[in-house]
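For reference, the structure is listed below as structure tokens.
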Amino acid sequence: MDRLLDDSIAILDELIAFPTVSADSNLGMVAHLAQRLSDAGARIELSHDDGGTKANLFASLGPEADGGVVLSGHTDVVPVGGQPWTGDPFAMAARDGRLYGRGTCDMKGFIAAAVALLPQLDGDRLRRPLHFAFTYDEEVGCLGARQLVEHLRARGLRPAAAIIGEPTGMRVVEGHKGCHEYTTLFTGREGHGSVPERGVNAVEMAVRYVHRLLALRDELIASAPEGSRFAPPWTTVNVGRMAGGTAHNVIAGEAAVDWEMRPVRAEDARHVRDALEAYCAQVLLPAMRAVAPEARIETRVIGEVAGLEPADDNLARRLVSELTGQDGAELVPFSTEAGLFQSLGTHCVVCGPGEIAQAHKPDEFVEIAQLARCCRMLEGLAVNLT
């Protein structure tokens with residue numbers, strides 16, 4: 001156990017040194033991980049984004065068969081700009097039983113522990129496959145995981161269980177809401193503020209759109225599923241940003257609204273999207289185009305991350321509960337890639353070292369004791385698969 005923990009800390013130190021902020025490439029870190037996995041005998045698959053600057057790494061040990069277990073983590077981290085770090089965010093520092101650095105908690109600590117397990121694994125002795133799924137751009141919409149899941153679906157490969165190592169304090173999490181993010185753009189017609197009837201004010205249309213969105217929010221609160229274990233129990237809606245216009249006396253020609261919803265069920269998301277589409281088509285656009293035929297409204301999908309729906313029959317929950325000695329499982333408000341793996345028919349849980357309260361903050365850290373608990377879980381998994 002001490003050797004596995006020591007190796008995990010050493011590997012984490014290496015991984016923190018890769019500044020894999022979502023806006024930048026992760027290829028250096030992926031190549032480093034791929035080499036370690038390949039040296040251990042794993043079969044390596046890379047899938048790149050359209051620009052070729054980022055990649056998913058999917059590696060497998062054991063029999064080439066359906067089933068098995070996935071250890072899943074994202075390689076990207078959030079930016080550090082403007083945060084008051086007390087040291088270099090990309091140089092891991094150990095003090096007071098904690099490991100500091102961007103990504104220590106979210107979520108390179110789990111990836112390091114998973115890779116440190118490799119010397120204890122003999123692919124020829126595994127009864128079931130063990131997969132490693134390390135993705136890009138989780139922080140900006142789970143873009144890499146969406147690509148990876150479609151790749152696995154096309155191959156007809158369906159792992160039986162997936163452990164997504166997001167920071168849960170090593171508690172077993174069986175469900176979370178989805179996270180759908182959008183930007184809605186309004187294009188009207190500029191003009192002088194003294195003759196508003198000659199233009200189409202995009203800011204006014206954006207305000208009316210937000211008013212409809214907030215009315216839908218009230219509907220969602222009133223229709224929260226009975227017995228929902230989420231906090232709050234309903235699908236939430238948030239307007240994060242509004243922007244538009246150029247001056248006090250100019251009819252605003254353009255406006256934008258950034259908004260999100262976190263559905264507790266898929267039908268809530270469909271209802272919101274359909275209702276807004278109907279409102280634009282039947283109310284806003286006719287009013288806009290009566291003056292300016294060129295007027296338009298466009299909603300861009302920034303990311304639609306599926307929620308992880310709790311299930312009575314969950315192999316992953318049973319497995320991780322046995323490995324960690326825990327009874328029961330929790331729900332969390334933050335989203336992960338678990339729902340995407342669940343769409344394959346894979347049973348999923350979220351369980352990893354660190355606390356979500358430390359993620360995305362200056363002086364992000366993971367407690368060494370948490371990393372040790374993760375190592376114990378993974379050692380138990382290795383025995384289970386042999």
Side-chain angles (χ1 to χ4, degrees), residues 21-24 50-51 76-84 137-143 177-221 235-263 268-269 271-305 333-335 359-362:
V21 175
S22 301
D24 301 321
D50 290 341
D76 61 316
V77 297
V78 296
V80 299
Q83 293 187 334
D137 282 0
E138 186 271 350
E139 298 289 4
V140 290
C142 293
L143 306 184
K177 296 181 182 181
C179 182
H180 296 200
E181 296 181 342
Y182 306 93
T183 293
T184 301
L185 304 171
F186 301 82
T187 303
R189 178 184 287 176
E190 287 191 342
H192 197 283
S194 64
V195 283
E197 71 277 5
R198 297 182 184 177
V200 174
N201 194 310
V203 167
E204 291 182 11
M205 296 301 160
V207 169
R208 294 174 66 181
Y209 183 90
V210 169
H211 186 265
R212 177 69 180 118
L213 182 59
L214 297 182
L216 289 167
R217 182 181 67 182
D218 292 340
E219 291 179 20
L220 294 169
I221 293 173
T235 293
T236 60
V237 171
N238 180 63
V239 178
R241 186 185 73 96
M242 290 186 66
T246 57
H248 292 76
N249 60 350
V250 177
I251 298 169
E254 295 183 343
V257 177
D258 293 343
W259 61 280
E260 65 148 28
M261 60 177 162
R262 296 182 181 252
D268 285 353
H271 172 65
V272 170
R273 289 194 302 265
D274 290 348
L276 289 172
E277 184 177 340
Y279 183 66
C280 290
Q282 298 169 15
V283 179
L284 295 185
L285 280 172
M288 296 168 74
R289 288 174 175 168
V291 176
E294 72 277 13
R296 64 184 185 273
I297 301 172
E298 176 191 2
T299 294
R300 296 178 180 173
V301 178
I302 306 304
E304 291 181 330
V305 180
F334 59 87
S335 61
H360 299 189
K361 293 183 177 180

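No hydrogens, no waters, no symmetry mates; every other heavy atom, side chains included, goes into these values.
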message: My understanding is that only one of Thr184, Ile297, Leu216 makes a side-chain contact (heavy atoms from CB on, under 4.5 Å) with Leu276; could you say which?
response: Leu216
field: Side-chain touch Arg189/Pro293, heavy atoms, less than 4.5 angstrom
entry: yes
message: Looking at every heavy atom in both Cys179 and Pro263, which two are closest together, and how far apart are they?
response: N-CD, 4.2 Å
message: Would you compute the distance between atom CD of Glu260 and atom OH of Tyr182 and round it to the nearest 0.5 angstrom?
response: 10.5 Å
message: If you define the side chain from C-beta out and look only at heavy atoms, does anything of Leu214 sit under 4.5 Å from Val210?
response: yes
- prompt: So how far is it from Thr183 OG1 to Asp258 CG, rounded to the nearest 0.5 Å?
  reply: 3.5 Å
- request: Test Met261 against every option in Val237, Thr236, Asp268, Leu213 by the side-chain contact (heavy atoms from CB on, under 4.5 Å) rule and name the one that passes.
  value: Val237
- request: Identify whether the distance between the nearest side-chain nitrogen and carboxylate oxygen of Glu277 and Arg212 falls below 4.0 Å.
  value: no
Distance (rounded to the nearest 0.5 Å) between Trp259 CH2 and Met242 CE: 13.5 Å
- request: Decide yes or no on side chain to side chain contact (heavy atoms under 4.5 Å, CB included) for Val272 and Leu220, but give the supporting numbers first.
  value: CA-CA 9 Å; Val272 170; Leu220 294 169; 3.8 Å; yes
message: To check you understand the geometry: which heavy-atom pair defines the closest contact between Pro286 and Cys280, and what is its length?
response: CD-O, 3.8 Å
- prompt: Hey, is CG on Asn249 packed in by over 12 heavy atoms from elsewhere, all under 6.0 Å?
  reply: yes
message: Just verifying a value: how many Å separate Ser335 OG and Glu138 CD, rounded to the nearest 0.5 Å?
response: 6.5 Å
query: What pair of heavy atoms forms the shortest contact from Ala256 to Leu185, and how long is it?
result: CB-CD2, 3.6 Å
message: Check this for me: Arg300, atom CZ, are more than 12 non-hydrogen atoms of other residues, nucleotides or ligands nearer than 6.0 Å?
response: no
field: Heavy-atom pair with the smallest gap, counting every atom of Glu190 and Val250
entry: CD-CG1, 4.4 Å
query: Quick one: SG on Cys142 to CD on Glu304, what's the gap to the nearest 0.5 Å?
result: 12.0 Å
field: Reported NE2-to-CZ distance for the pair His180 and Arg273, which is rounded to 0.5 angstrom
entry: 6.5 Å
task: Please say whether more than 12 non-hydrogen atoms of neighbouring residues, nucleotides or ligands are located less than 6.0 Å from CZ in Arg296.
output: no
query: Taking everything shown except Glu298 itself, do over 12 heavy atoms lie less than 6.0 Å from its CD?
result: yes
query: Can you name the nearest heavy-atom pair linking Val77 to Glu139, along with the distance?
result: C-CG, 4.3 Å
message: Checking side-chain contact (heavy atoms from CB on, under 4.5 Å) between Glu181 and each of Val140, Ile302, Val301, Asn238, which is the one that passes?
response: Ile302
